[in-house]
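One structure follows; several queries about it will come next.
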Amino acid sequence: MKLFNFKFNTAALLAVLLVSFLPHAAQAAHPNLVITVEDVLKMRKAIERQGRFASAYQGLKAKVDKQIALPITVPVPKDGGGGYTHERHKKNYQLMYDAGIIYQLSQNKKYADYVRAMLLEYATLYPTLDVHPKRKVKSQNPGKLFWQSLNEAVWLVYTIQAYDLIYDALNASQIKTIEQSLLKPASLFLSEGQPSTFNKVHNHGTWATAGVGMAGYVMDEPEWVEKALYDLEKSGKGGFLKQLDELFSPQGYYNEGPYYQRYALMPFVTFGKAIQNNEPQRNIFEHRNGVLLKAIDTTIQLSYAGLFFPINDAIKSKGIDTIELVHGVTVAYGLTNDPGFLDIAGQQDQIILSGDGLKVAQALDKGLMQPYQFDSVAFGDGSDGKQGALVVMRSQLGGEQTLLFKPAAQGLGHGHFDKLTWQYYDHGSEIVSDYGAARFLNVEAKFGGRYLPENKTYAKQTVAHNTVVVDETSHFNGKVDIGNKNAPTLNFFETNQYGTVASGEISTAYEGVNLERTLALVNLPELERSIALDIFSVEAQKAHQLDLPLHYHGQIIDTNFTLQANVEQLSALGRKNGYQHLWLKGQATPEEGLAKVSWLNDNGRFYTQTSLVKGDESFLFTQIGANDPNFNLRNEQGFIRRVVGQKQHRFISILEPHGEYNPSKEFTLDATSKVTGLEYSQQGNLTLVKIDIADREYLVAVNQQDNSDATFTYENNTYSLRNRFAVYVLNNL
């Protein structure tokens with residue numbers, strides 16, 4: 001018995017000694033990040049049965065099988081965004097991640113062997129690399145494998161998960177080589193090597209902290225995790241938690257806008273899930289009253305017809321099927337079991353091979369989805385939610401309409417100078433448009449796939465948006481640091497049975513000038529349609545030139561005033577601040593009364609902006625493309641309402657959708673605007689707008705100052721207004 005005990009203790013001691021000579025990560029179970037050992041066991045059972053999860057597995061396996069049949073290529077970096085080496089390294093980290101998942105589910109070692117071989121190739125290459133040769137942008141930290149460290153951090157987020165997934169197939173020597181020659185140097189390069197990025201409250205910092213923090217969990221480096229969470233000095237002034245605190249409003253709106261919100265979701269959700277699996281006591285998904293879950297939901301809300309609202313530096317083709325939001329919705333459903341998320345998951349039609357992905361797939365197989373509810377919401381901006389707001393107004397009358405109003409904060413370096421701008425969508429199409437970013441993402445021939453010079457000279461400038469420009473100078477004189485310090489005020493927001501209304505103002509975009517805009521999406525149930533009401537008031541201490549652009553998608557059909565078109569020669573509208581990129585194609589000065597501009601959108605509907613003018617407004621019709629020698633800009637259309645030498649002016653208009661054009665069946669309906677009258681008046685705090693449309697008279701009343709009940713008289717009739725906004729039918733012919 002004693003001899004048995006001696007042998008047992010000796011074996012145990014040897015085991016302990018053996019483990020002590022292995023890297024620290026060997027003491028943890030793997031995988032241990034987004035996917036856990038428990039998840040793997042459940043997923044292995046699921047792929048043996050028919051369903052969405054098994055189909056997704058088979059689809060990914062077939063894709064991986066084709067790729068691992070090819071030689072491994074780990075090239076020396078030389079190209080910028082979109083170039084061969086850049087794209088090859090992106091494909092490599094995705095392939096390693098995918099092959100690692102297939103290894104865990106199939107238990108076929110050939111997939112682990114492939115990932116191991118590629119990691120060892122990288123472990124040989126990485127120590128030889130200096131910073132990337134294409135480092136041209138001084139404001140960005142370079143990577144080694146990629147031209148900017150942001151891409152390097154993304155590479156680490158995927159690669160550390162791939163390593164985690166095949167860890168149990170590696171021997172001690174391979175683990176040491178991969179960790180000491182690749183993963184540790186990459187982690188230190190992205191953290192201690194670039195403290196300004198790692199500690200920065202910005203999406204670049206989020207990716208870096210996520211990659212390094214996850215590496216800390218896999219490689220048993222708790223100090224890395226702490227630094228990822230609290231910054232390199234562990235002061236709490238930076239790091240992942242500070243990013244959650246500063247970059248999102250309490251409602252989950254991301255400061256840089258929807259496009260970057262969906263991009264930033266990936267590291268937030270991925271690292272968040274890894275934190276939950278490794279340190280559940282941190283309650284990461286309950287941080288700030290569940291701000292991360294709110295952020296996932298808000299990202300969905302900030303879309304129309306499957307595409308994100310293209311404010312700030314946005315690529316307009318990005319939508320809810322983007323892989324970042326697929327991961328976000330997957331995690332959100334795994335945490336909440338909210339059937340509305342299943343509706344979005346069904347539209348995304350992509351199953352993630354993870355524990356949460358299995359829950360989504362099985363719920364979809366059972367038909368548990370319920371319609372996701374898109375709402376009219378004012379999403380407060382800034383960490384306190386009080387730096388203005390991004391306002392979404394929605395209506396379902398006669399088709400799905402959405403109006404986006406932007407009395408929001410600047411949005412850091414990706415923000416545009418467009419305070420109080422708006423966009424409008426109807427029947428699945430963008431009607432009143434925003435340019436988004438001037439960039440051909442990853443198209444190397446176009447400025448290396450980076451933001452084009454015209455992003456600064458046009459897309460960011462105020463005239464590229466649908467808001468007032470004073471003296472042909474952009475808001476804050478085009479200074480980002482000033483813009484970041486000065487946000488508009490959301491005066492009020494209300495949604496009720498009459499529609500939705502919001503008002504915002506700012507007095508710091510121009511010295512001595514106050515801009516105030518009230519927008520409403522007004523329901524007219526008798527006509528089975530909604531219209532957009534726009535009241536933009538400018539008050540200045542001195543006389544100025546005031547321009548109000550409107551950028552539209554479609555073909556001009558008609559104006560109710562004589563237009564003098566420039567048919568033989570075009571000239572640029574101005575010399576700077578975006579005006580140099582606008583061709584002046586025609587102009588007019590409508591007489592006092594109603595000025596109408598109608599256009600036809602590709603969705604087959606007509607749209608008419610009816611403006612109330614006093615005879616002092618010029619209408620300037622423009623097309624983008626002047627001073628663009630490399631044809632970098634899209635040739636989109638717009639018109640500008642201009643007044644000169646004014647201290648005060650009020651731009652008043654309504655946008656009316658109407659009719660149908662069907663070239664296939666050769667018919668046209670209601671191509672002419674039905675608006676015949678538009679009157680504006682003010683009674684104390686009440687703004688009153690009378691609209692004559694389709695033989696009906698409506699009175700729109702807006703309480704500009706408070707939220708109390710009011711009684712007023714209009715045309716000898718008395719009306720009661722509760723709260724902010726109401727619509728009254730004056731006749732019903």
N/O donor to acceptor pairs below 3.5 angstrom from side-chain atoms of residues 381-393, sequence neighbours left out:
| unit_1 | atom_1 | unit_2 | atom_2 | d |
| --- | --- | --- | --- | --- |
| D381 | OD1 | N255 | ND2 | 3.4 |
| D381 | OD2 | A409 | N | 2.8 |
| D384 | OD1 | K386 | N | 2.9 |

Discussion item. Under 3.5 Å, is there a donor on one side chain and an acceptor on the other for N514 and E516?
Written reply: no
Table please: side-chain donor-acceptor pairs of residues 645-652 below 3.5 Å, with sequence neighbours left out.
| unit_1 | atom_1 | unit_2 | atom_2 | d |
| --- | --- | --- | --- | --- |
| H649 | NE2 | E617 | OE2 | 2.9 |
| R650 | NE | S537 | OG | 3.2 |
| R650 | NE | Y680 | OH | 3.2 |

Discussion item. Main chain of L686, side chain of Q682: is a donor-acceptor contact present, judged purely on distance under 3.5 Å?
Written reply: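 Confirmed, Q682 side chain pairs with L686 backbone.
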Worksheet item: Per the side-chain hydrogen bond (donor to acceptor under 3.5 Å, both in side chains) rule, which among T608, D670, T672 passes with H658?
Response: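 Exactly one option meets the side-chain hydrogen bond (donor to acceptor under 3.5 Å, both in side chains) with H658, and it is T608.
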Worksheet item: Any side-chain heavy atom of H475 sitting closer than 4.5 Å to one from L515?
Response: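 Yes - at least one pair of side-chain heavy atoms lies under 4.5 Å apart.
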Worksheet item: Are K406 and N466 linked by a side-chain donor-acceptor pair shorter than 3.5 Å?
Response: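 No donor-acceptor contact under 3.5 Å links the two side chains.
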Practice prompt. Step by step, work out the side chain to side chain contact (heavy atoms under 4.5 Å, CB included) result for E472 and D547.
Written response: CA-CA 8 Å; E472 298 187 23; D547 289 346; 4.2 Å; yes
Worksheet item: If you draw the axis of the six-membered ring of F639, does the NZ or CZ of R641 fall within 45° of it and under 6.0 Å from the ring centre?
Response: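 Relative to the ring axis of F639, which defines the angle, R641 lies outside at least one limit.
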Practice prompt. Show your reasoning for whether salt bridge (Lys or Arg N to Asp or Glu O under 4.0 Å) applies to D375 and R394.
Written response: CA-CA 7 Å; D375 298 317; R394 300 185 190 268; over 6 Å; no
Discussion item. Please confirm whether the ring centroid of Y372 lies under 6.0 Å from the ring centroid of F374.
Written reply: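 Under 6.0 Å, so yes.
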Worksheet item: How many angstroms lie between CG in N577 and NZ in K460, if you round to the nearest 0.5 Å?
Response: 14.5 Å
Item to complete: Can you label the angle between the Y254 ring and the F268 ring as parallel, tilted or perpendicular, going by 30° and 60°?
Response: perpendicular
Worksheet item: In terms of ring plane angle, is the pair W422 and Y424 parallel, tilted or perpendicular, where the classes change at 30° and 60°?
Response: tilted
Discussion item. With a 3.5 Å distance limit and no angle check, can you tell me whether S429 reaches the backbone of I431 through a side-chain donor-acceptor pair?
Written reply: no
Practice prompt. State plainly whether the residues E591 and K614 are in salt-bridge range, i.e. N to O under 4.0 Å.
Written response: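 Judged by the 4.0 Å cut-off on N to carboxylate O distance, E591 and K614 do not form a salt bridge.
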Discussion item. Go through it in stages, so that I can follow the logic: the residues are I693 and Y698, the test is side chain to side chain contact (heavy atoms under 4.5 Å, CB included), and I'd like the CA-CA distance, side-chain angles, deciding distance and then a yes or no.
Written reply: CA-CA 8 Å; I693 178 173; Y698 293 92; 3.8 Å; yes
Fill in: Backbone N/O of T402 and side chain of D426: donor-acceptor pair under 3.5 Å
no
Worksheet, complete the sentence: CZ of F309 to OH of Y425, rounded to nearest 0.5 Å, is 6.0 Å
Practice prompt. Name all residues meeting the side-chain hydrogen bond (donor to acceptor under 3.5 Å, both in side chains) criterion together with K294; count only those two or more places apart in sequence or in a different chain, and write none if there are none.
Written response: none
Worksheet item: Roughly how far, to the nearest 0.5 Å, is CD of E636 from OH of Y552?
Response: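 Here the interatomic distance stands at 11.0 Å.
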Discussion item. Quick one, E656 with F606, criterion side chain to side chain contact (heavy atoms under 4.5 Å, CB included). Give me CA distance, side-chain angles, the key distance, then yes/no.
Written reply: CA-CA 8 Å; E656 164 201 8; F606 298 92; over 6 Å; no
